[in-house]
Amino acid sequence: MSKAPQKPRGTQDMIGEAAARFDHVIETFNRVRKLHGFGRVEVPVFEATAVFARSLGETTDVVSKEMYEFTDRGGDAMCLRPEFTAGIARAYIENGWQQHAPLKLAAWGPLFRYERPQKGRFRQFHQLDAEILGAGEPAADVEVIALGQHLLDELGVAGDVVVTLNSMGDPATRAAWSAAVAAHFAAHRGDLSEDSQRRLEANPLRILDSKDARDQALVADAPQIDAYFTAEAGAFFESLQKGLQASGIAWTRNARLVRGLDYYRHSVFEFVTQSLGAQGTVLGGGRYDGLIGHMGGPDTPAVGWAAGIERLAMLVAEPELPVVDVAVIPEHPSVELEAVRLVGALRRAGFSVFSSFKGNAKRRFEVAKKVSPVWQLSVLPGSQGLVWVDLKRFGSSVEIDRLVAERILQSVPGFRWQTDLDPPAHKLRASYQSI
RNA sequence: GCGACUGUAGCUCAGUUGGUUAGAGCGCCGGUUUGUGGUACCGGAGGUCGCGGGUUCAAGCCCCGUCAGUCGCCCCA
């Protein structure tokens, strides 16, 4: 037992319902993002460490203590991606994708962060990602948020989720506001929690969403960003709100919503649920106009979000079991190969077919029972090379719709059926010549 | 990185104040039965009680360490 290999901490193995939930989230995302015109983008799972270190900010927790870093065999510093945006930005610059701007892109896949695992938080986790690169208009923010809202609607979880919105303004706004917030908290340094005293040095804005009771009073009368908006920043936020209203998206202003990563400007938003405990943010993002320029590319406005697949998968209703149309059961060893032939033909005709590999008819029936097939096709040997089949409702003797049953058999290519003219009500009996 | 709780068959769990060969249900395998099949019954396999150390005549139960999970902090999707 102790010698058997164990999965790395914070990773998951999934089959059955868990995997089906995961799958459902991704399938829904792919369907919805196509409706919104977001094309697929593929970027590597690992990158040069500098891609993330420079874009996220050296001091952020993600970079300073959560990245899976390694030196490859060529001696280069690499890391597993802790997020999507920086890699997509790198690809945008490297491949000259500005020629396609504005570019609407979607991605999903695994990300890696060395964190303490808990509910909804893993070391290998998975996100959906949507970005619009090369569009500085608030209408782009509206589109990206609308995609998120539509996704949650389609997943049937929107009722659990609140859209919270804030603006961090343009660089001038953010700098002035951030300085005022820092000064405010610095003046009451002694009353802050230990965590927040540390934040005061690293990232003062983060104190605004502290959960510590000691910080709450000070947070309540911290300076609000609205007073620091430049004319442009104020107009941008105004216009964003109007756009959201026109899209029919309900949101709540959270003036204390900030982002940990350095590159955010203007819009920040989070889709939050109460049903997942401490890891309640299900989707989060914002505008990051400064990033691509900062990474050495052309100045390029951009906006996007990422959503946690595991977290969404926990919220969605139990997915329905896949429908199995037919279970094919050979009633005798001599017709096993005929059953194989029928299984293949039925599948090519578009039916979902259950087949088993061994056992007598009773045993195979028992095994098939687990997937609740709609129909049962029993295969029996007849005389003179004839093969008989009985098509009936699985495990039941209810009367069948003979026309439907005949249509099933007729749609299977490569067989010429002879149906019994005087059949019992609960099954269709037919035969064909084996070749 | 910090704190709390948990860890017994494939799964969900029970195991009395430490005391003889560690149990149940489900699942699995085999068989019997039933109105040609979602029934009932019988039997079987499967556990070095997460791992390592300690206390004790005796440890699944107590202590220490370690690994993993859960919840919160932190961080974030």
Side-chain angles (χ1 to χ4, degrees), chain A residues 1-12 15-16 25 29 56 59-67 82-85 108-130 148 151-152 161 193-196 198-199 202-203 206-207 209-213 215 257-261 268-273 276-286 304-315 327 329 331 358-373 376 378 380 390 392-398 424 426-427:
Chain A
M1 197 78 146
S2 64
K3 286 175 201 136
Q6 255 185 327
K7 68 178 177 294
R9 187 169 198 197
T11 61
Q12 339 171 58
I15 58 169
V25 171
F29 175 63
L56 300 183
T59 61
T60 56
D61 279 14
V62 169
V63 169
S64 63
K65 49 192 188 197
E66 293 180 358
M67 289 210 296
E83 59 125 44
F84 273 113
T85 306
W108 63 266
L111 293 315
F112 306 85
R113 254 119 97 157
Y114 190 85
E115 294 188 278
R116 182 91 178 248
Q118 65 185 69
K119 184 177 185 180
R121 190 167 81 181
F122 304 92
R123 289 185 173 181
Q124 177 177 335
F125 60 105
H126 302 78
Q127 285 185 347
L128 311 171
D129 185 85
L151 171 68
L152 298 200
V161 174
S193 64
E194 295 76 24
D195 277 333
S196 288
R198 183 179 51 74
R199 290 183 183 109
N203 196 345
R206 267 290 169 192
I207 300 174
D209 59 10
S210 166
K211 289 171 189 162
D212 196 296
D215 298 332
L257 177 62
V258 294
R259 305 260 80 197
L261 308 182
V268 287
F269 48 87
E270 284 187 5
F271 290 37
V272 183
T273 176
L276 294 178
Q279 312 300 323
T281 300
V282 115
L283 182 153
W305 54 251
I309 297 179
E310 285 87 354
R311 294 181 188 179
L312 290 171
M314 286 189 281
L315 290 179
I329 298 175
E331 296 280 339
K358 64 169 185 179
N360 58 24
K362 176 169 182 172
R363 178 73 197 133
R364 291 181 194 237
F365 179 87
E366 295 292 337
V367 175
K369 208 161 70 181
K370 287 179 189 159
V371 299
S372 307
Q376 160 182 354
S378 296
L380 309 107
D390 282 344
K392 55 184 288 197
R393 303 304 287 201
F394 185 82
S396 150
S397 297
V398 297
H426 71 283
K427 64 177 152 193

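Order of the sequence lines sets the chain letters (A, B, ...), proteins ahead of strands, with each chain counted from 1. Predicted model only: the values in this text are computed from it and were never measured.
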- Item | Under 4.0 angstrom between A:Lys369 side-chain N/O and B:G37 OP1 or OP2 |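 No, because none of the side-chain N or O atoms of A:Lys369 sits under 4.0 Å from OP1 or OP2 of B:G37.
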- Query: Between B:C76 and A:Arg206, is there an OP1 or OP2 to side-chain N/O distance shorter than 4.0 Å?
  - Reply: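 Result: yes.
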Rounded distance in Å - [atom1] ([X]) to [atom2] ([N]):
| X | N | atom1 | atom2 | result |
| --- | --- | --- | --- | --- |
| A:Glu115 | B:C2 | CD | P | 15 Å |
| A:Arg199 | B:C75 | CZ | C1' | 9 Å |
| A:Asp195 | B:G72 | CG | P | 16 Å |
| A:Ile329 | B:G38 | CD1 | C1' | 12 Å |
| A:Glu66 | B:A77 | CD | C1' | 12 Å |
| A:Asp212 | B:G72 | CG | C1' | 13 Å |
| A:Glu270 | B:A77 | CD | C1' | 9 Å |
| A:Phe125 | B:C76 | CZ | C1' | 8 Å |

Determine the Euclidean distance between corresponding [atom1] atoms of [M] and [N]; express it in Å to zero decimal places.
| N | M | atom1 | value |
| --- | --- | --- | --- |
| B:A9 | B:C28 | C1' | 12 Å |
| B:G27 | B:A40 | P | 10 Å |
| B:C64 | B:C75 | P | 31 Å |
| B:C11 | B:G50 | P | 13 Å |
| B:G15 | B:C61 | C1' | 9 Å |
| B:G19 | B:C62 | C1' | 15 Å |
| B:A4 | B:G43 | C1' | 46 Å |

- Going by heavy atoms in the side chains, are A:Leu128 and A:Trp305 under 4.5 Å from each other?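 In short, these two side chains touch, coming nearer than 4.5 Å.
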- Query: Given side chains that start at C-beta, do those of A:Lys427 and A:Ser378 come closer than 4.5 Å, heavy atoms only?
  - Reply: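 Contact flag for A:Lys427/A:Ser378 side chains = no.
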- Task: Choose from B:C76, B:G37, B:C71 the nucleotide whose nearest atom is closest to any side-chain atom of A:Arg113.
- Result: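 Selected nucleotide (nearest to the side chain): B:C76.
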- Task: Under the side-chain hydrogen bond (donor to acceptor under 3.5 Å, both in side chains) rule, collect the residues that match up with A:Thr85, sequence neighbours excluded.
- Result: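 Residues passing side-chain hydrogen bond (donor to acceptor under 3.5 Å, both in side chains) with A:Thr85: A:Glu131.
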- Message: Please classify the nucleic acid contact of A:Gly120 as base, sugar-phosphate, or nothing, using heavy-atom distances under 4.0 Å.
- Response: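 Result for A:Gly120 = base.
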- Message: Requiring both pairing distances under 3.5 angstrom, list the stems that contain RNA chain B and are made of three or more consecutive Watson-Crick or G-U pairs.
- Response: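 Stem list for RNA chain B: B:1-7 with B:67-73, B:10-13 with B:23-26, B:28-32 with B:40-44, B:50-54 with B:62-66.
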